[in-house]
Amino acid sequence: MYAQMVKSTGEGLKSREDMSPEEAAFQDKIDADIKIEPKDWMPEGYRKTLIRQIGQHAHSEIVGQLPEGNWITRAPTLERKAILLAKVQDEAGHGLYLYCAAETLGVSRDDLTEQLLDGRMKYSSIFNYPTLNWADMGAVGWLVDGAAIMNQVPLQRTSFGPYSRAMIRICKEESFHQRQGYDIMMKMAQGSEAQKRMAQDALNRLWFPSLMMFGPSDADSVHSVQSMAWKIKMDSNDELRQRFVDQTVPQAEYLGLTVPDESLKWNDEKGGYDFSEPDWDEFFDVIKGNGPCNVDRLAARNKAWDDGAWVREGLLAHAEKRAARKTAAE
Amino acid sequence: MSGLSKSVLYDFCLRMGDNTLILGHRVSEWCGHAPVLEEDIALANTALDLIGQTQFWLGLAADVQGEGKSADDLAFLRDAWDFRNGLLCELPNGDFGQTLMRQYLFDEWHWAMLTALQNSSEKRVSDIADKAVKEASYHLERSRDTVIGLGDGTAESHDRMQAALDYLYPYVGEFFEADTVDEAAAKEGIAPVLESLREGYDAAIKATMDAATLRLPDSRFAHKGGRNGRMHTEHLGHLLTNMQWLQRAYPGASW
């Protein structure tokens, strides 16, 4: 999941009796699965929550380029290099669709970017972990994109039209990403002893951070109820996490890798795995800016933005000169 | 194919493939760090095209060589002295302006070369050129527009582009200076006479620099030594250290 702990209105769920006629009509549309479009009336809380959620998702795509970009120049074959480049390019494209979806809600991309750069807006906690060996490129595709898909597939049905349509495009590409990640893991897990060690090391480091992607346990998730009523959030954090574990553990077994959780056990009664919770103290540390890479990631984004200022200004100045010359010629 | 023709074709493919490999690698270093999202996507796209073309050229080089090697073997297991790219391709990215100026100076040559190669007497060469020229023409359009936009932008962007041009222009001449390999390739109709591309190239970059309000250096001095491997820059070794690390550290592994 690329959006975690998105703040909603801060108030509880509104009951029918407390709704204005406009709010009730709006809720009726959502309940009837009619999409909300940018020009439709919407409660201010819905608009603000969506901007935060879509913006956070877009920022995650952009910051998410960095841990994978870290290995583009060291990809071990021409084909792996081409696939990884294509994948990271896709992530940037996802960022672009999502910023466009957010812009339909009346916020500019530059405004959202500034909020990312000065720390007011967040991105997914997972991208604050480092990529340390080549198998991480496999594990990111397999686990991180896998977890993202868990959340994004239901979001294709989300109530806000532009967000839903962006999700449909994104999901197609994400499932390709997940498959190429698993393909790298297969090669590594069936490779030399050193490659197997890389694969296990990647799984050891990324397993719990991947579980954290779904956000805190439902009991501690204060903003979910309103978002679920608005169909901005489709499933609870714990449901998605359980689904992810149930899907991923057999894949790890197939690879011959060990999931780093001694409590992991199939539970016949619930028809799913029992598993250990991630270390939520660590999660909140990462969210607060104390993850292994938070400072470096934001510094990299700020540097790209600051170093690029003259380029943006130059191209803008040129466009203005051209427009002026065109007007003068007419 | 005679032994001499084989060796000429092999060297020719290495020169084409090493240009795209090394420049593609350089451009890929930008991923995630470009001044604006659209540029990030465009740079990744350019790098991706160049790496794709590398697979064709080095794949053909390996076939012609006939020692059972792959394009990957040639990319990841040769040392600097065996690389045959023009020095321009291995120069560091510098700022965004330097990267785009390098790209433009290369793209004008690359496009003209690929266009000529579509008429190569060697079908495997003309097949690659047919595919690559479409990508090169898109790269050229974009790098030319960006050079013009930044040259004729603000005072700062103009000065940065002029500095980039002054730094890079001495690396242009190498692409037009034929040696015995180029002469043999031209004689066999594999490739055009290199000097024949210069006039069109000069006219094109003059027109672009005029539109960009930039001044081409008067001196035609040309650094060389990349295309024959006699003397690369110090930068290439560092690039290869990075690019070849996994293949070197874990020999024989399958990735």
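Below, read A as the first sequence line, B as the second, and so on, with proteins coming before strands; counting in each chain starts at 1.
Looking at Arg160(B), the atoms closer than 4.5 Å to chain A (heavy atoms on both sides) all sit in the side chain, from C-beta outward. Of the two parts of Arg301(A), only the side chain, counted from C-beta on, holds a non-hydrogen atom closer than 4.5 Å to a non-hydrogen atom of chain B. Using a 4.5 Å cut-off between heavy atoms, Ile62(A) touches chain B through its side chain atoms alone. Contact annotation for Leu100(B): neither backbone nor side-chain heavy atoms come within less than 4.5 Å of a heavy atom of chain A. Contact of Trp245(B) with chain A is made through the side chain alone, with heavy-atom distances under 4.5 Å. At a 4.5 Å heavy-atom cutoff, Gln190(A) makes no contact with chain B through either its backbone or its side chain. Contact of Leu48(B) with chain A is made through backbone and side chain together, with heavy-atom distances under 4.5 Å. For chain B, the nearby part of Met198(A) is the side chain; its heavy atoms alone come within less than 4.5 Å. Looking at Asn45(B), the atoms closer than 4.5 Å to chain A (heavy atoms on both sides) sit in the backbone and in the side chain alike.
Using a 3.5 Å distance cut-off with no hydrogens or angles, the side chains of Trp142(A) and Gln251(A) do pair a donor with an acceptor. Residues His57(A) and Gln152(A) have side chains that bring a donor and an acceptor to within less than 3.5 angstrom of each other. Tyr250(B) and Ser192(A) share no side-chain donor-acceptor pair at under 3.5 Å. Tyr129(A) and Arg205(A) share no donor-acceptor pair across their side chains, judged by distance under 3.5 Å alone.
Looking at heavy atoms from C-beta onward, Met16(B) lies in side-chain contact with Leu117(B) at the 4.5 angstrom threshold. At a threshold of 4.5 Å between non-hydrogen side-chain atoms, the residues Thr54(B) and Asn19(B) do not count as touching.
Between Ile51(A) atom CD1 and Leu105(A) atom CG the span is 5.0 Å, to the nearest 0.5 Å. With rounding to the nearest 0.5 angstrom, the CG atom of Leu165(B) is 4.5 Å from the CE atom of Met101(B). Interatomic distance, Leu14(B) CG to Leu58(B) CG, rounded to the nearest 0.5 Å: 6.5 Å.
Looking only at heavy-atom pairs under 4.5 Å with chain A, the residue among Leu43(B), Asp72(B), Asp152(B) that has the most is Asp152(B).
Annotation: cation-pi geometry not satisfied between Arg297(A) and Phe127(A) (NZ/CZ under 6.0 angstrom from ring centroid, within 45° of ring axis).
At a heavy-atom separation below 4.5 angstrom, chain A is approached by Ser28(B), Glu29(B), Cys31(B), Gly32(B), His33(B), Ala34(B), Pro35(B), Val36(B), Leu37(B), Glu38(B), Glu39(B), Asp40(B), Ile41(B) within residues 27-42 of chain B. Residues of residues 75-88 of chain B lying under 4.5 angstrom from chain A, judged on non-hydrogen atoms, are Ala75(B), Phe76(B) by number. Residues of residues 133-143 of chain B placed with any heavy atom under 4.5 Å of a heavy atom in chain A are absent; none qualify.
By the 6.0 Å contact criterion, CH2 on Trp134(A) is enclosed, its count of non-hydrogen atoms from other residues, nucleotides or ligands being greater than 12.
Between Ala71(B) and Gly59(B), the shortest heavy-atom contact is CB-N, 3.6 Å.
Asp296(A) is linked by a side-chain hydrogen bond (donor to acceptor under 3.5 Å, both in side chains) to nothing, counting only residues two or more places apart in sequence or in another chain.
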